[in-house]
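Remarks on the structure that follows.
Just so you know, these numbers come straight off a predicted model, no measurement behind them. Chain letters run A, B, ... following the sequence lines, proteins first, then strands; residues in each count from 1.
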Amino acid sequence: MTTAASSATHSRRYWLMKSEPEECSIDDALAATHSTVQWTGVRNYQARNFMRDDMRIGDGVLFYHSSCPEPGIAGIAEIASGTRSDPTQFNPESPYFDPKADPDKPRWLLLDVKALRKTRLLSLAELREHPELAQLKVLQRGNRLSITEVDEADWKRVLDLLK
DNA sequence: GCCAACGTTGGC
DNA sequence: GCCAACGTTGGC
């Protein structure tokens, strides 16, 4: 395969992204201009690196509600941009302010996420009832990452459960 | 580079 | 509000 051909054939990837619905629910995202929101506030290097290095426009996203009465998958979205500097790191008024962030060398990034549709709430409890989903990162013990990769088989299983 | 202390996440 | 789990910080 030629270099040009191989670079043109990167496959679509899938992700689970946590959002606190009090801050940005799937309804909020769908109501935003172009159903698109800036995914701000990521303050974990591994999650940042996923955004910077691995996510591509068009990748599929399971939109997950966390830190709320009913945590679970609440919608489907997609990655809608590459990364750029997250301005909240420089804003002392923001809960995401990072006093160590250097405007000349931003350490935190965001990208755009476009909500596609709201689904029924596929709760964390229900996800745990499916042994075939046991490898989902969000179900794993001690998982705290706000962005995790979802393999294609799990993506399809989740979409099947949402039909 | 180790590792204890501390802070944060997030389900319950 | 509790607390397990994990990440980060900073002294050494």
Side-chain angles (χ1 to χ4, degrees), chain A residues 13-32 36-55 59-79 82-151 153-155 157-162:
Chain A
R13 292 201 196 183
Y14 306 94
W15 307 91
L16 182 144
M17 300 178 80
K18 295 180 185 174
S19 182
E20 300 187 12
E22 286 199 1
E23 187 172 351
C24 180
S25 68
I26 185 68
D27 288 321
D28 295 333
L30 283 166
T36 299
V37 292
Q38 300 188 92
W39 208 265
T40 191
V42 171
R43 293 293 181 270
N44 170 283
Y45 289 106
Q46 198 177 344
R48 180 203 66 183
N49 293 348
F50 279 146
M51 294 199 294
R52 186 188 62 194
D53 303 332
D54 299 315
M55 287 177 158
D59 281 1
V61 173
L62 301 174
F63 195 111
Y64 181 93
H65 285 176
S66 69
S67 295
C68 58
E70 280 194 295
I73 293 165
I76 304 298
E78 67 181 17
I79 302 302
T83 49
R84 57 189 181 277
S85 175
D86 179 347
T88 61
Q89 69 194 301
F90 306 121
N91 178 3
E93 306 301 313
S94 168
Y96 300 123
F97 177 61
D98 181 349
K100 294 181 180 173
D102 176 356
D104 293 328
K105 198 182 175 193
R107 55 163 68 173
W108 304 118
L109 304 173
L110 57 72
L111 47 63
D112 293 333
V113 173
K114 180 180 175 62
L116 298 178
R117 64 188 172 92
K118 185 177 184 174
T119 63
R120 74 179 178 88
L121 186 84
L122 179 47
S123 71
L124 183 57
E126 183 178 349
L127 288 168
R128 290 195 194 284
E129 290 172 5
H130 292 275
E132 71 275 18
L133 291 175
Q135 63 172 335
L136 262 187
K137 298 283 195 300
V138 77
L139 300 183
Q140 285 169 16
R141 179 183 177 80
N143 160 74
R144 294 191 322 185
L145 260 191
S146 63
I147 299 175
T148 51
E149 189 163 15
V150 175
D151 72 30
D154 286 339
W155 170 265
R157 290 183 186 111
V158 168
L159 291 197
D160 277 345
L161 289 175
L162 290 170

Does the side chain of Lys18(A) get closer than 4.0 angstrom to OP1 or OP2 of dG11(B) through an N or O atom? no
Taking atom P of dC12(B) as reference, at what distance in whole Å does atom CZ of Arg144(A) sit? 16 Å
Per the ring-ring contact (aromatic ring centres under 6.0 Å, His included) rule, what does the pair list look like for residues 104-128 of chain A, sequence neighbours excluded? Tyr45(A)-Trp108(A)
Between atom CG in Leu121(A) and atom P in dG11(B), what is the gap in whole Å? 12 Å
Rounded to the Å, how far apart are Leu136(A) CG and dG11(B) P? 14 Å
Pick the closest DNA chain C nucleotide for Arg107(A) and for Asn143(A) by heavy atoms, then say which residue is nearer the 5' end. Asn143(A)
side-chain hydrogen bond (donor to acceptor under 3.5 Å, both in side chains) partners for Glu132(A), two or more places apart: His130(A)
Would you tell me if any nitrogen or oxygen in the side chain of Tyr64(A) comes within less than 4.0 Å of OP1 or OP2 on dG11(B)? yes
Between Lys100(A) and Gln46(A), which residue's closest nucleotide on DNA chain C lies nearer the 5′ terminus? Gln46(A)
Separation of atom NZ in Lys137(A) from atom C1' in dG10(B), rounded to whole Å: 19 Å
Distance check needed: dG10(B) P versus His65(A) NE2, whole Å only. 14 Å
Could you state the atom-to-atom distance from OH of Tyr45(A) to C1' of dT9(B) in whole Å? 17 Å
Just how far, in rounded Å, is P of dG10(B) from CD1 of Ile147(A)? 11 Å
Roughly how far, to the nearest 0.5 Å, is the CG atom of Leu110(A) from the OG1 atom of Thr88(A)? 7.5 Å
May I have the distance from Leu145(A) (atom CG) to dG11(B) (atom P), rounded to whole angstrom? 13 Å
Centre-to-centre under 6.0 Å for Phe63(A) and Trp39(A), is that the case here? yes
